[in-house]
**Student:** 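Once you've had a glance at the structure underneath, I'll fire off some questions.
Within every chain, numbering begins at 1; the chains are lettered A, B, ... in the order of the sequence lines, protein sequences first and strands thereafter. Heavy atoms only: backbone and side chains are in, while hydrogens, waters and symmetry mates are out.
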Amino acid sequence: MTGKINIVVALPCEAKPIINHFNLRKSDPTLFKIYSNQDHSVRLIISGVGSSASSRATKQLASVSEAGVSTAWLNIGIGGHKEFPLGTPILAHKVTDSQTERSWFPQLVFDPKCVTASVKTVENPVFNYLNNDVVEMEASGFYSAAESYSTREMIHCLKIISDNFQSPADKIIADMVDELISKNLSIIKELVIKLQFLSLEEEKRTSDPPFVQECLSRWRFTVTQIHQLKRLLRKWSLLQPGKDVINILLLGCKNSRNVIQTLDIHLKNLPVWMGHD
Amino acid sequence: MIETIYIESEIRSHPRTKSILNRFSNARIVECERFGEVFNPKKQNFRLQKKKPALIIARKHRNFILDAPEGFGIGGRKNYYFSHMLNCIYDCRYCFLQGMYRSANYVLFVNYEDFQNEIKKIVEQNPDDEEITFFSGYDCDSLALEAITGFVREFLPFFQKHKRAVLELRTKSINVDELLNHEVIPNCVVAYSFTPENISQKLEHGVPPVTRRIQTMEKLAEKGWQVGIRLDPLIYHEGYQKNYSELIQNIFHTIPVENIHSVSTGPMRFPEKMFYTIEQLYPDEHLFAGPLENRNGLTSYSEKIEKEMMNYCDTILEKYIPKEKRYSCIQSSF
């Protein structure tokens with residue numbers, strides 16, 4: 001089992017090396033081009049340039065992938081900085097929208113194998129790099145949208161430096177971008193693995209306990225009862241690991257209320273041993 | 001240990017900020033306007049952030065000293081708490097901090113003088129004969145990050161001058177050099193929190209073993225510091241009577257009673273919503289599979305179990321320490 005990651009890039013030349021590396025195929029036909037690997041653990045969308053486009057694409061990809069709280073998100077693209085050499089990979093530790101001045105702070109709960117910096121999202125290409133930010137055009141739109149689906153530890157922006165004072169933005173061409181991304185595939189791969197790992201942890205944490213589906217197929221539960229059922233079945237799996245709750249306890253239950261009562265009473269009377277997992 | 005430090009721009013040049021930055025010269029430094037930008041957003045995962053908590057250096061602007069919750073006290077007529085720091089380096093599974101804050105990052109408020117001024121005002125506003133207790137370990141461990149915070153180093157001299165103000169340092173840390181090297185002050189209680197050893201190993205991640213904490217209390221007591229024992233929260237489990245009995249026995253066979261300021265016991269309670277948050281973070285935690293129920297907006301053991309545990313511990317404690325030094329801290333609000 002692998003965690004899920006959704007990747008948002010602006011341009012086809014940024015996407016191409018990533019698509020090739022992860023063996024992604026076109027899938028889910030929408031206005032945006034979406035690519036996926038065989039088990040859908042890696043999906044990529046090409047958003048077009050700009051924060052609004054990135055935001056829309058992120059929402060589209062979330063919908064298509066049925067993104068849950070355990071899905072990781074990664075925006076990859078090029079950016080400019082006054083000093084960083086071309087090809088330097090930068091992970092954002094702060095994303096700021098230049099229009100609204102709103103900021104987001106991705107939380108680094110793993111060891112990033114590259115430098116981190118503040119990223120500023122601008123409306124138009126910049127040729128004078130005024131402060132120490134990496135300037136680009138998508139991160140804020142991506143981040144604000146992705147945050148609707150997941151948490152800050154699982155949403156990140158990686159920018160590859162494509163322009164600086166010595167080599168400004170008007171010199172960028174598609175082949176150059178392809179090359180910059182290609183040269184950083186090992187960093188991208190490592191980041192994807194780390195985010196997928198977090199995603200898998202979260203998937204396990206948020207997944208239903210055993211026997212939920214079996215119970216739902218045998219008895220009809222209200223929404224509130226489903227919450228209660230899941231809570232009780234989680235308790236059962238902790239206190240009676242590996243035991244079949246339906247055959248042992250619930251076979252005689254007439255309805256959902258009976259199931260919940262039976263489980264509740266039985267579990268209340270079970271000792272809780274704190275000595276073992 | 002700390003790889004990322006967020007700093008409010010306003011206090012970038014504060015002497016305590018600079019001192020901390022010197023200590024962590026390889027840390028990633030990220031500026032923010034207010035600590036809330038980093039700490040408060042809802043879309044954060046406490047459990048994931050516990051893997052690598054960052055430090056947020058900030059200035060506190062208001063609510064320096066707060067009334068202690070009802071039922072919380074160790075003898076003083078008036079009880080307050082203050083938090084120079086939010087969040088704790090330890091990871092105790094019963095801790096309310098998991099459900100209180102979305103972020104597990106540590107927030108350190110460096111404007112200690114503002115806390116001290118407020119404490120001074122409260123002391124001056126109260127009659128001369130009143131002892132007022134100020135609890136410092138509510139939102140963090142009072143001692144665990146002393147090397148970074150210098151909290152004890154900065155606050156002991158203050159409390160030394162304000163003798164009617166009693167400082168409780170609540171901790172599980174064995175990092176007590178600052179206390180061992182400081183002149184003993186009578187109005188400071190170093191209070192150690194305990195659960196039995198088997199529970200501690202299961203639930204108190206990163207915490208020094210029970211035996212080490214008892215040894216540390218012994219050192220402090222030998223030096224002359226008043227120590228406190230906090231059996232809070234009491235954890236219900238099979239064999240709890242034997243385990244708590246052993247724990248209490250070990251403590252009292254090591255620490256002279258005359259050095260013990262107080263012993264308090266308290267039940268495990270969370271506001272319902274807080275408990276739900278914590279349970280979602282740790283769905284496989286045996287602790288939460290115990291006989292808990294919702295009562296008056298709180299999730300706790302049943303009244304019967306609470307009373308049984310508190311009474312049992314009191315029965316054991318009364319063999320060692322007089323009633324006037326025993327307290328029940330039963331919080332009905334948070």
Side-chain angles (χ1 to χ4, degrees), chain A residues 69-70 91-94 96 101-112 115-118 132 143-144 146-155 198-199 201-202 204-209 227 230-232 234-241 264 267-277, chain B residues 3-6 28-35 37-54 56 93 102-105 195-203 235-240 243 276 279-293 301-302:
Chain A
V69 72
S70 62
L91 194 64
H93 58 227
K94 181 178 179 180
T96 303
E101 287 298 317
R102 197 185 150 190
S103 292
W104 296 261
F105 296 86
Q107 294 296 295
L108 293 157
V109 299
F110 51 83
D111 180 23
V115 169
T116 67
S118 289
N132 215 19
Y143 212 94
S144 65
E147 211 178 24
S148 301
Y149 308 102
S150 191
T151 59
R152 292 187 170 196
E153 302 74 23
M154 312 254 287
I155 306 170
L198 291 180
S199 169
E201 263 192 39
E202 280 298 285
K204 285 179 183 165
R205 177 181 73 82
T206 56
S207 62
D208 285 338
H227 285 304
K230 286 182 181 179
R231 219 171 174 187
L232 290 165
R234 172 76 62 200
K235 247 183 162 178
W236 174 274
S237 72
L238 288 174
L239 299 180
Q240 303 273 263
D264 194 32
L267 289 167
K268 269 195 171 107
N269 292 320
L270 279 179
V272 180
W273 293 93
M274 297 296 288
H276 51 78
D277 289 328
Chain B
E3 294 177 14
T4 307
I5 301 179
Y6 298 94
R28 168 186 307 123
I29 308 299
V30 185
E31 275 198 25
C32 59
E33 286 300 306
R34 285 280 177 263
F35 82 94
E37 286 182 275
V38 184
F39 193 71
N40 292 349
K42 284 187 180 160
K43 289 294 195 144
Q44 298 191 84
N45 187 313
F46 191 97
R47 179 175 174 162
L48 289 181
Q49 282 190 15
K50 264 302 201 197
K51 290 172 182 280
K52 254 189 214 296
I56 307 172
R93 201 50 71 240
R102 287 294 185 179
S103 171
N105 293 327
T195 56
E197 184 66 55
N198 66 321
I199 298 298
S200 180
Q201 282 179 25
K202 178 94 173 85
L203 301 181
I235 304 294
Y236 184 73
H237 59 283
E238 281 295 298
Y240 85 86
N243 293 331
Y276 178 76
E279 200 187 21
Q280 294 297 297
L281 284 173
Y282 299 99
D284 292 338
E285 178 52 61
H286 274 80
L287 176 66
F288 306 139
L292 296 166
E293 60 182 42
Y301 298 120
S302 67

**Student:** Tell me, for A/Pro106 versus chain B, whether the close heavy atoms (under 4.5 Å) come from the side chain, the backbone, both or neither.
**Tutor:**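 For A/Pro106, the backbone is the part near chain B, not the side chain.
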**Student:** Which atoms of B/Leu287 are under 4.5 Å from chain A, going by heavy atoms: the side chain, the backbone, both sets, or neither?
**Tutor:** both
**Student:** Can you label the angle between the B/Tyr236 ring and the B/Tyr240 ring as parallel, tilted or perpendicular, going by 30° and 60°?
**Tutor:**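 Tilted: the ring planes of B/Tyr236 and B/Tyr240 meet at 30° to 60°.
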**Student:** Counting only N and O atoms by type, is there a donor-acceptor contact under 3.5 Å from the side chain of A/His93 to the main-chain atoms of B/Val30?
**Tutor:**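 Side chain of A/His93 to backbone of B/Val30: no pair is present.
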**Student:** Can a donor-acceptor pair be found, under 3.5 Å and without considering hydrogens, that links the side chain of B/Glu37 to the backbone of B/Arg34?
**Tutor:**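 Side chain of B/Glu37 to backbone of B/Arg34: a pair is present.
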**Student:** Examine whether an atom of B/Glu279 lies under 4.5 Å from a heavy atom of chain A, and if so say whether it belongs to the side chain, the backbone or both; otherwise answer neither.
**Tutor:** side chain
**Student:** Between B/Tyr6 and A/Phe105, is the ring-ring contact (aromatic ring centres under 6.0 Å, His included) condition met? List the steps.
**Tutor:** CA-CA 10 Å; B/Tyr6 298 94; A/Phe105 296 86; 5.8 Å; yes
**Student:** Out of B/Cys32, B/Pro283, B/Ser302, return the one with the most heavy atom pairs under 4.5 angstrom to chain A.
**Tutor:**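 Most heavy-atom pairs within the cutoff with chain A belong to B/Pro283.
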**Student:** Is a side-chain N or O of B/Gln44 found less than 3.5 angstrom from the main chain of B/Phe39, in a donor-acceptor match?
**Tutor:** yes
**Student:** Quick check on the interface: out of A/Val69, A/Leu267, A/Val109, A/Leu270, who has the most heavy-atom pairs with chain B under 4.5 Å?
**Tutor:**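 Of the candidates given, the most pairs with chain B belong to A/Val109.
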**Student:** Is it the backbone or the side chain of A/Ser148 that comes under 4.5 Å from a heavy atom of chain B, or both, or neither?
**Tutor:** backbone
**Student:** Output the option from A/Gln107, A/Lys204, A/Lys268 having the highest count of non-hydrogen pairs under 4.5 Å with chain B.
**Tutor:** A/Gln107
**Student:** Looking at chain A, which one of B/Pro53, B/Ala289, B/Ser103 has the largest number of heavy-atom pairs inside 4.5 Å, strictly under?
**Tutor:**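 Maximum pair count with chain A is reached by B/Ala289.
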**Student:** Can you tell whether the side chains of B/Asp284 and A/Arg234 come within less than 4.0 Å, N to carboxylate O?
**Tutor:** yes
**Student:** Could you look at A/Arg231 and say if it's the side chain, the backbone, both or neither that has a heavy atom under 4.5 Å from chain B?
**Tutor:**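 Just its side chain gets close to chain B.
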**Student:** Select one option (side chain, backbone, both, neither) describing which atoms of B/Arg102 are under 4.5 Å from chain A's heavy atoms.
**Tutor:** neither
**Student:** Taking B/Ser200 for its side chain and B/Pro196 for its backbone only, find out whether a donor-acceptor pair lies under 3.5 Å.
**Tutor:** no
**Student:** In this structure, are over 12 heavy atoms from other groups packed under 6.0 Å from B/Glu31 atom CD?
**Tutor:** yes
**Student:** For B/Pro41, is it the side chain, the backbone, both, or neither that has a heavy atom closer than 4.5 Å to a heavy atom of chain A?
**Tutor:**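 For B/Pro41, the side chain is the part near chain A, not the backbone.
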**Student:** What residue, out of A/Val115, A/Thr151, A/Leu239, has the most heavy-atom pairs lying under 4.5 Å from chain B?
**Tutor:**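 Top option by heavy-atom pairs under 4.5 Å: A/Thr151.
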**Student:** Does the structure place the NZ or CZ of B/Arg93 under 6.0 Å from the centre of the six-membered ring of B/Tyr282, at an angle of no more than 45° from the ring's axis?
**Tutor:** yes
**Student:** Which atoms of A/Ser150 come close to chain B, meaning under 4.5 Å heavy atom to heavy atom: side chain ones, backbone ones, both, or neither?
**Tutor:**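 Looking at A/Ser150, just its backbone touches chain B.
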**Student:** Return the set of residues passing side chain to side chain contact (heavy atoms under 4.5 Å, CB included) with A/Glu201 (not counting sequence neighbours), or none when no residue passes.
**Tutor:** A/Phe197, B/Leu48, B/Lys51
**Student:** Could you have a look at B/His237, B/Lys50, B/Glu238 and say which one has the most heavy-atom pairs with chain A under 4.5 angstrom?
**Tutor:** B/Glu238
**Student:** In terms of heavy-atom proximity below 4.5 Å to chain B, should A/Glu153 be classed as side chain, backbone, both, or neither?
**Tutor:**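 For A/Glu153, the contact with chain B is made by the side chain alone.
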**Student:** In terms of heavy-atom proximity below 4.5 Å to chain B, should A/Arg152 be classed as side chain, backbone, both, or neither?
**Tutor:**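 The answer is both parts of A/Arg152.
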